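FYI, side chains are in, hydrogens and waters are out, and symmetry mates aren't considered; it's all heavy atoms of this structure. Counting convention: from 1, in listed order, for ligands and their atoms alike. Everything numeric here is computed off the predicted structure, so don't read it as measured data.
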Amino acid sequence: MAICLGDPDHGYYTTRDPLGAAGDFTTAPEISQMFGEIVGAWLAHAWRLTGAPPGARLVELGPGRGTLAADVLRVLARIPGLEGIPVDLVETSPVLRKRQAETLAAHAGRVSWHDRLAGVPGAPLLLVANEFFDALPVRQFVRAAGAWRERVVGLDGTGALAFGIGPGQIETAFDAPEGAILEVSPAANAIAEEIGARIARNGGCAIVFDYGHRRTAPGDTLQAVRRHGYSDPLAAPGESDLTAHVDFEALAKAFRAGGAVPHGPIGQGEFLLALGLLERAARLGRGRGTAAQEALRAAVERLAGPDAMGTLFKAMAVTPADVPPPPFPNAI
Ligand SMILES: C[S@@+](CC[C@H](N)C(=O)[O-])C[C@H]1O[C@@H](n2cnc3c(N)ncnc32)[C@H](O)[C@@H]1O
């Protein structure tokens, strides 16, 4: 999964911009500016609640086309103390870095790029990650004869890629029927722990959106998407987007292991609606024609509708241990 997505010459992300109608998939910030604006308002409010620490930096993990960062910055430009906030983008794809630089050209002097979170200077963070954790590689283990054996990729008799069972094992208390699959993402957990440690040490807050499940449970969620449809994960390595659902229970544990406090997850729809999605749509639609109103209505439905991104996609927030709860809908 790591090679298919990140190989310097042939990796899916390293060789293309996969977003948008002409690409393979569309993300929340690409659906509407309202998503990033609400994230910006949330970050600003959470920053104030955490004591408005000076020297804060806006950090985005996996910033895609830079659209979310641009929408967040439009909001932060109105917040005293955050107007000129430095921006750190953690991005491995050269193609997308170029795209981000174009989108954020107006902020050129204060944007830096990093291969990993470790490169971001120590400071209070306003961190956002949308559909980042699902792109990190998972390891899968198959229940076989009472053990969890690692699922591997090899070649079948015809020379085609095929799944098999390797010698590696994992010890866990989970029991499941023969053939069940358990996924773990050491890469996602390590980054979440690092975020937790930075927030515990330097202050700030984080908000993460992704599709996934609340509780750790067996299930095969590895999927390949190409041109807005599902495909076989082994069919065209490097040509389709590979993702796995995010295990929010594991992520919460990792944030806590770093020393910070996770909040949620709650549905993306619940989060956006509680923070004013309908009010923002009404404001943007005021005085505009039927087509614009209809586009806004459709965007609200896609971002927050239970059959669209409202329920499967979830939001999780992270704050330091010693501050009041953040503006998170179930805490309002
Ligand atoms: C699904 S896209 C999401 C883009 C953007 N957040 C959005 O919502 O439109 C995943 C992003 O993560 C980046 N990415 C994937 N693996 C990464 C890694 N290991 N480190 C940093 N960025 C990564 C991709 O290049 C891309 O920008």
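- Taking a 6.0 Å sphere around CZ of R116, one finds it holds 12 or fewer heavy atoms contributed by other residues, nucleotides or ligands.
- Interface of P29 with ligand 1, defined as ligand atoms under 4.0 Å from a residue heavy atom, comprises 7 (C), 8 (O), 9 (O).
- Residue-to-ligand polar distances keep Y13 apart from ligand 1: every N/O pair is separated by 3.5 Å or more.
- Nearest approach of H114 to D88, heavy atoms of both residues: NE2-OD1, 2.8 Å.
- Proximity of V95 to T15: side-chain heavy atoms (C-beta onward) are nowhere separated by under 4.5 Å.
- Proximity to E60 (heavy-atom distance under 4.0 Å) selects the following atoms of ligand 1: 6 (N).
- Residue L96 approaches ligand 1 through these ligand atoms, each under 4.0 Å from one of its heavy atoms: 25 (O), 26 (C), 27 (O).
- T27 OG1, 3.3 Å is the protein heavy atom nearest to atom 7 (C) of ligand 1.
- Contact annotation for R65 and ligand 1: no heavy atom of the residue comes within less than 4.0 Å of the ligand.
- Note on R16 versus D24: no salt bridge recorded, every NZ/NE/NH1/NH2 to OD/OE distance being 4.0 Å or above.
- Open room surrounds CZ on R302; 12 or fewer heavy atoms of other groups in view lie less than 6.0 Å from it.
- Ranking protein heavy atoms by distance to atom 12 (O) of ligand 1, first place goes to G62 CA, 3.2 Å.
- With hydrogens left out, the protein atom closest to atom 27 (O) of ligand 1 is E91 OE1, 2.6 Å, a heavy atom.
- One option in T26, V128, T92 has a heavy atom closer to atom 14 (N) of ligand 1 than any other, and that option is T92.
- Within 6.0 Å of CG on L161 lie more than 12 heavy atoms contributed by other residues, nucleotides or ligands.
- Using cut-offs of 30° and 60° for the angle between ring planes, the F25 and Y13 rings count as perpendicular.
- For the side-chain hydrogen bond (donor to acceptor under 3.5 Å, both in side chains) test with T67, the passing option among E30, R99, Q33 is E30; the others fail.
- In the vicinity of V90, heavy-atom distances shorter than 4.0 Å reach the ligand 1 atoms 21 (C), 22 (N).
- When heavy-atom distances to ligand 1 are checked against a 4.0 Å cut-off, L136 comes that close only through its side chain, counted from C-beta outward.
- With ligand atoms numbered from 1 in the order given, ligand 1 contributes 4 (C), 5 (C), 27 (O) to contacts under 4.0 Å with heavy atoms of G64.
- Here's the thing with N130: one of its N/O atoms is less than 3.5 angstrom from an N/O atom of ligand 1.
- Around CZ of R283, the count of heavy atoms belonging to other residues, nucleotides or ligands within 6.0 Å does not exceed 12.
- Interface of F25 with ligand 1, defined as ligand atoms under 4.0 Å from a residue heavy atom, comprises 1 (C).
- A 6.0 Å sphere centred on CZ of R74 holds more than 12 heavy atoms belonging to other residues, nucleotides or ligands.
- Between E30 and ligand 1, no N or O atom pair is found at a separation short of 3.5 Å.
- Taking every non-hydrogen atom of S93 and a distance limit under 4.0 Å, the qualifying atoms of ligand 1 come out as 25 (O).
- Contacts between D241 and ligand 1 below 4.0 angstrom, taking non-hydrogen atoms only, are absent altogether.
- Here is the list of ligand 1 atoms found below 4.0 Å of a heavy atom in L19: 9 (O).
- Judged purely by atom type and a 3.5 angstrom limit, R198 uses its side chain to pair as donor or acceptor with the backbone of V120.
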